[in-house]
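Heads up: the structure comes next, in structure tokens.
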Amino acid sequence: MAGFPVFRMSSSTSNPPRPAQGLDRFAAQIRAGLADALSLPPEAISLDRPRDPKHGEYAFPCFRLAKERKMAPPALATWLEEQLNLDGIGVQRVGPFLNFRIEPMPLAKAVLPDAASEGFGSGQEEGTILVEYSSPNIAKPMHIGHLRTTVLGAALSRLFNHLGHRVVRINHVGDWGSQFGKLVAAWNRWGDPDQLEAEPIEHLLELYVRYHQEEKEDPSLPQQAREVFLELESGQDNPTRQTWRQFTEVSLAAFEKVYQRLNTEFDFVRGESWYEDRLDQTLDFLQQQDVLELSEGATIVDLSEQGIKTPCLVKTAHGTTLYATRDIAAALSRWQEFTFDRCLYVVGNEQKLHFQQLIGVLRKAGCDFADRIEHISFGLVRFAEGKLSTREGRVLRLSEVLDRAVELALEVVQEKNPEHPEPHKVAEQVGIGAVLFHDLKHLRNKDVVFNWKEVLSFEGETGPYLQYSRVRTAAILRKAGRPVPEVQTIDYQHVAEARDLMVALGRFPIALREAAEKREPMILAQQLLAVAAAGNAFYRDFRVLGSGQGVEDARLVVVDAIRRTLDIGLNILGVPIPETM
RNA sequence: GCGCCCGUAGCUCAAUGGAUAGAGCCCUGGAUUUCUAAUCCAGUGGUUGCAGGUUCGAAUCCUGCCGGGCGUGCCA
């Protein structure tokens with residue numbers, strides 16, 4: 001294979017304007033009205049979302065513009081209130097604010113047809129987005145820390161996909177590096193083939209822990225580990241490599257079980273080793289681009305001119321490659337293969353420097369696509385007692401968390417619905433849903449202290465709450481005993497009262513867009529809670545079945561719209577959807 | 001030491017520089033002859049870590065402290 005070309009960026013993809021859906025339809029109208037009255041381009045008008053719903057759905061604070069035009073803000077607001085005449089939107093001035101409240105009928109007419117149709121909130125956006133996530137290390141169990149990257153990455157992937165992007169999902173499995181020198185060295189000393197067969201991950205973890213215990217007293221151990229890793233990197237098919245391959249196989253099989261439970265897939269499961277035969281050409285490329293330096297026996301890339309004080313090490317004094325080397329090789333390879341528009345790495349906060357270095361090295365080497373790389377970082381999961389440490393054997397297995405959630409869910413199902421025909425199936429869905437949603441409902445950047453009580457909670461703002469809300473829609477639609485009427489046939493008069501619900505549904509497409517733009521699935525999670533809450537209030541206020549021909553038709557459409565919206569959102573987040581519970 | 005992140009109700013968390021800082025949990029009280037009460041309604045709860053500054057306006061931006069977390073060249 002020829003060396004890497006110098007990577008210049010192709011012209012960037014521009015997305016076609018997104019057609020407004022839901023509540024957004026009114027934003028355009030309000031903006032146009034204001035722009036017209038003020039003789040400004042509509043883009044210059046930025047609308048607020050009022051904190052308090054009593055102020056309507058949109059607001060325009062007049063402070064800035066009043067200053068420019070040397071008017072008192074309330075006076076400008078008063079003047080605008082008189083000027084504006086928006087069809088279907090009530091305009092009310094409150095002090096220096098101009099508030100817009102959409103009238104019930106136009107609201108329902110705009111929102112319901114969108115929400116009751118296929119692919120609510122979907123888009124036709126273009127461009128390829130590569131998402132790297134999960135990326136566990138082989139020979140170790142997946143622990144609670146892997147939940148965040150897996151769940152965030154999977155949710156973001158589905159979100160981008162819903163909006164129309166081409167998404168490439170990569171699991172960058174940690175199957176390479178000096179740690180495997182350590183592990184194989186430990187295996188050579190203490191390994192037990194029978195145990196490996198019986199409980200592979202447990203046995204490998206034991207070996208890894210023991211290595212780190214004995215390394216301190218036995219200097220020959222790290223020496224051996226380095227030698228073994230050199231054997232591995234030599235590319236020859238020696239016993240070391242065979243051992244390593246066996247470890248990889250048993251590990252991937254174990255991971256696959258967790259991925260199935262979490263409803264997660266990948267387009268490519270490529271270990272770091274996949275890039276092994278590109279390491280030399282990567283180093284050659286960096287050499288050609290004249291970015292390499294020797295320092296204290298190691299090969300480095302100095303990044304101080306980019307404000308990064310710590311140089312990026314690409315080769316140790318012992319001649320082995322490093323994590324960064326392999327990530328640089330991977331980035332070059334991916335650009336060649338996919339010509340991505342964005343490349344997202346869903347990896348914890350603690351690796352911030354690593355990704356700054358990765359981007360810095362690529363930039364210094366003349367790869368313009370470095371600017372398309374983003375580190376989607378997230379906070380650490382900690383215990384109240386302290387940090388997790390695989391080396392010290394202090395781990396909380398992901399499978400254990402899922403098992404306990406499912407176990408508790410089973411108790412709850414048997415208590416709440418003893419007649420349920422498939423309690424184990426629902427318990428799996430509810431338990432997994434609770435754990436998954438709990439992880440997705442917070443801003444990703446904050447550290448979280450693991451708390452069993454919260455993770456295993458099924459009430460309030462939880463996954464099971466959304467599942468339950470969805471189950472109620474299904475129950476009504478099932479008991480109606482007839483197909484949901486076409487939305488075009490209903491009389492909106494009968495549903496106009498459900499204003500809060502229409503607003504919540506109408507904001508769903510906006511939430512999807514914001515969640516994607518900010519790479520923050522939490523925004524979608526919160527909007528789903530709002531839809532569910534408004535839906536549960538709707539069932540309280542309005543009887544659906546037997547409410548009279550025309551009324552029932554209209555309300556069935558509303559219930560169906562809630563169901564569809566929850567389905568789309570839950571599917572994106574990866575929360576299972578039980579039919580009954 | 002230096003760099004990055006975080007600090008909001010008893011707890012867990014929200015709040016594009018805008019209006020009286022909101023939810024859930026907890027606690028208290030209430031709602032079911034009919035679509036799943038894993039629900040809904042109401043109440044209690046705040047000097048947004050501290051001190052300055054910028055601004056018509058600061059939880060949000062800037063500076064300095066305090067507290068916690070992570071990182072800081074031969075792990076990943």
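Every chain is numbered from 1, with letters handed out A, B, ... down the list of sequences.
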Are any protein N/O atoms closer than 3.5 Å to N/O atoms in nucleotides 30-33 of chain B? If there are, list each pair with its distance.
none

- [ ] For RNA chain B, find the residues of residues 437-445 of chain A with a heavy-atom distance under 4.0 Å and give them by number; none if there aren't any.
- [x] A:H442, A:L443, A:N445

Task: Members of residues 537-548 of chain A that approach RNA chain B, where some heavy atom sits under 4.0 Å away - done: A:Y539, A:R540, A:F542, A:R543, A:V544, A:L545

Open item on the list: Does the protein touch nucleotides 42-49 of chain B at the base, only the backbone, or not at all? Give it as B, S and - per nucleotide, heavy atoms under 4.0 Å.
Closed with: --------

Considering residues at least two apart in sequence or located in another chain, which fulfil the salt bridge (charged side-chain N to carboxylate O under 4.0 Å, His left out) criterion with [X]?
{"X": "A:E461", "result": "none"}
{"X": "A:E552", "result": "A:R482"}
{"X": "A:E276", "result": "A:R241"}
{"X": "A:D500", "result": "none"}

TODO: Would you list the pairs meeting ring pair (Phe, Tyr, Trp, His ring centres under 6.0 Å) in which at least one residue belongs to residues 410-434 of chain A, sequence neighbours left out?
DONE: none

Open item on the list: Taking ring pair (Phe, Tyr, Trp, His ring centres under 6.0 Å) as the cut-off, I'd like each qualifying pair that reaches into residues 42-67 of chain A, sequence neighbours left out, listed once.
Closed with: A:F63-A:F97

TODO: For A:M581, report the nucleic acid contact type (base, sugar-phosphate, nothing); a contact means any heavy atom under 4.0 Å.
DONE: base

Open item on the list: What contact category does A:K479 fall into here, base, sugar-phosphate, or nothing, at under 4.0 angstrom with non-hydrogen atoms?
Closed with: sugar-phosphate

- [ ] Check whether any side-chain nitrogen or oxygen of A:R326 sits under 4.0 Å from OP1 or OP2 of B:A76, and answer yes or no.
- [x] yes

Atom pairs, protein N/O to nucleotides 8-10 of chain B N/O, distance under 3.5 Å:
none

Open item on the list: Pairs counted only when both distances fall under 3.5 Å, Watson-Crick or G-U: show me the 5' to 3' dot-bracket for RNA chain B, [ ] for pseudoknotted crossings and | for other-strand partners.
Closed with: (((((((..((((....[...)))).(((((.......))))).....(((((..]....))))))))))))....

